[in-house]
2 protein chains.
Amino acid sequence: MPKNKTKPISTAIEDYLKAIWLVAQDASASTNDLALQLKISAPSVSSMLGKLREQNFVHYEPYRGVRLTEKGEREALRLLRRHRLIETFLLEHLGYDWGEVHEEAEKLEHAVSDTFTERLDTFLGHPSHDPHGDPIPTLKGKLPVTPNTPFAELSIGETLKIARLMSQDKDVLTYLKSLAIEPSKELQLVKREPVGGLVHVEIDGAETVLSKELAMLIRGEVIV
Amino acid sequence: MPKNKTKPISTAIEDYLKAIWLVAQDASASTNDLALQLKISAPSVSSMLGKLREQNFVHYEPYRGVRLTEKGEREALRLLRRHRLIETFLLEHLGYDWGEVHEEAEKLEHAVSDTFTERLDTFLGHPSHDPHGDPIPTLKGKLPVTPNTPFAELSIGETLKIARLMSQDKDVLTYLKSLAIEPSKELQLVKREPVGGLVHVEIDGAETVLSKELAMLIRGEVIV
DNA sequence: ACTTTATTTTAGTTATGCCTAAAAATAAGA
DNA sequence: TCTTATTTTTAGGCATAACTAAAATAAAGT
């Protein structure tokens, strides 16, 4: 009779898996990147990576970086699903604003069961994307494909149908909202300044200016 | 400059405070009672009680039992408020049944912020009691007074307006529900068997029999 | 190639919060 | 009261997951 001990997944492990996914999707992440992302010291990360490998959540050779195994990615996406459904609930039904949502979801995602998650999914009407426009992984761990062209890459005169805003910073999000820049809106590139990369844009008939950095965060689909 | 270290309240501490409150409200609880309630060994409880005393959550002299301080009770009631609001949400909006609710709420109550709790309270319409009929502590830590006479103590012919069912056991709750015994219903004591304490009751015009133990769990107000 | 710098790992601590086994205090029964 | 039984505490461990300091490895610069 083999041991076959399936250890429970701690919230620490969940956070590591999510961090690896965020930092390196399917590529490979460095110890330092993870330490930064998790706000934890590099030695702590290093030692945890050993444990994650032992439990087959990651491929990891010392000094050579980490990447998620299939098992690890499954868990990361399961957590991401919980996170984004919870965010959707907080924003749409409890009156949270951008600034408050993240921290709360970060705690709750570790506490809810699969049952809760699926009931919440039903309650919310099975959304495919959260209010940021980020895709919500399905129960089977598939990510709905999402138009992802950065606004910054358009040519003069082109228009982007906004799908998502790739930031979780409160100030960024509320600033964009104050300009009416939100998922499903259409944004046209009017002019690009020759130095500094500022872009002039038109939305809802009004014109404003965006920095290059901001323009990189706005993603969506180029339309005719 | 004094240290003045206000340590964060761990989920373990929250569970102990809740357990002490449940076991001994304002009276004093024994180490063993708590070990039973928390499903933790007595030595573990003993050592934790020392820590709780150091942080002024409890009054505790070795061998002489524990009771909550004002500070401890405030925390216990804050947790209880979260618990009961969460249960209400799960039962009324996510389609949970009696059996599933407890476990989920037990985890979530440690994860939600005060902000979440108050937004949820608003979402739910500021309920004073949860669907069990248990009173929900207010933000200020007051417990709404609740009619609390056990059905078992009525005299023949008297009727109880049910306010709460003092059990968190799935089977008990669903059994009572199958007999239409729920908060706000009226239950009349028809007859008491001379041996064994079985009671014959009438509810919604139908008659059934309840054990003495069950009759103790049904609480409410005697009406004319 | 070699030296400096940066990254990563090892070694050794710490704090929580649980456990079992054994000792001490209290409570109960003859 | 004195002995037995129960309850509670002390003693000593273990697992998780963080930390700092120092050593090892890898990367970059000249």
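In this text, all values refer to a predicted model and were calculated from it rather than measured experimentally. Proteins come first, then strands; the chains are lettered A, B, ... in the order of their sequence lines, and each starts at number 1.
Following rounding to the nearest Å, Ile40(A) (CD1) and dA17(D) (P) show an atom-to-atom distance of 10 Å. Between Leu52(A) atom CG and dA17(D) atom P the separation is 9 Å, expressed in whole Å. Distance Lys39(B) NZ to dC19(C) C1': 18 Å, rounded to the nearest Å. We find that CD1 of Ile9(A) is positioned 17 Å from C1' of dA17(D), with the value rounded to whole Å. The distance between atom CZ of Arg53(B) and atom P of dT8(D), rounded to the nearest whole Å, is 16 Å.
Note on Ser41(A): every side-chain N or O is 4.0 Å or more away from OP1 and OP2 of dA18(D). In terms of phosphate contacts, Lys7(A) brings a side-chain nitrogen or oxygen within less than 4.0 Å of OP1 or OP2 of dT16(D).
Annotation: side chain of Leu52(B) is in contact with side chain of Leu49(B) (closest heavy-atom distance under 4.5 Å). In this structure, Arg81(A) and Glu118(A) have side chains that are in contact, with non-hydrogen atoms separated by less than 4.5 Å.
Counting only distance, with no hydrogens or angles, the side chain of Glu87(A) and the backbone of Pro131(A) share no donor-acceptor pair below 3.5 Å.
The pair Glu100(A)-Lys170(A) fails the salt-bridge criterion, with no side-chain N (NZ, NE, NH1 or NH2) lying under 4.0 Å from an Asp/Glu carboxylate O.
Residues His83(A) and His102(A) place their aromatic rings such that the two centres sit under 6.0 Å apart.
With sequence neighbours excluded, the residues forming a side chain to side chain contact (heavy atoms under 4.5 Å, CB included) with Pro135(B) are Arg84(B), His129(B), Leu143(B), Pro144(B), Thr146(B), Arg164(B), listed by chain and number. Asp169(A) meets the side chain to side chain contact (heavy atoms under 4.5 Å, CB included) test with Ser167(A), Asp171(A), Val172(A); sequence neighbours excluded. Not counting sequence neighbours, Glu73(B) has no partner by the salt bridge (Lys or Arg N to Asp or Glu O under 4.0 Å) test.
Few gaps surround CD on Gln25(A); more than 12 heavy atoms of other groups in view lie less than 6.0 Å from it.
When the C1' atoms of four end pairs are superposed on the next four at each end of the helix from dA1(C)-dT30(D) to dA30(C)-dT1(D), using five pairs per end, the two resulting axes differ in direction by 0°, to 10°.
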Exercise. Apply side chain to side chain donor-acceptor pair (under 3.5 Å) to the pair Asp33(A) and Ser30(A), showing each step before the final yes or no.
Key: CA-CA 5 Å; Asp33(A) 288 346; Ser30(A) 79; 3.3 Å; yes

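Under the 30°/60° scheme for interplanar angles, the aromatic rings of Phe116(A) and Tyr96(B) are found to be tilted.
Residues from residues 13-26 of chain B lying near DNA chain D, meaning a heavy-atom separation below 4.0 Å, are absent.
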Would you list the protein and nucleotides 8-14 of chain C atom pairs, both N or O, that sit under 3.5 Å from each other?
from   : atom 1 : to       : atom 2 : distance (Å)
dT8(C) : OP2    : Asn32(A) : N      : 2.9
dT9(C) : OP1    : Tyr60(A) : OH     : 2.4
dT9(C) : OP1    : Tyr63(A) : N      : 2.7
dT9(C) : OP2    : Thr31(A) : OG1    : 2.9
dT9(C) : OP2    : Ser46(A) : OG     : 2.9
dT9(C) : OP2    : Tyr60(A) : OH     : 3.4
dT9(C) : O5'    : Ser46(A) : OG     : 3.2
dT9(C) : O4'    : Tyr63(A) : OH     : 3.3

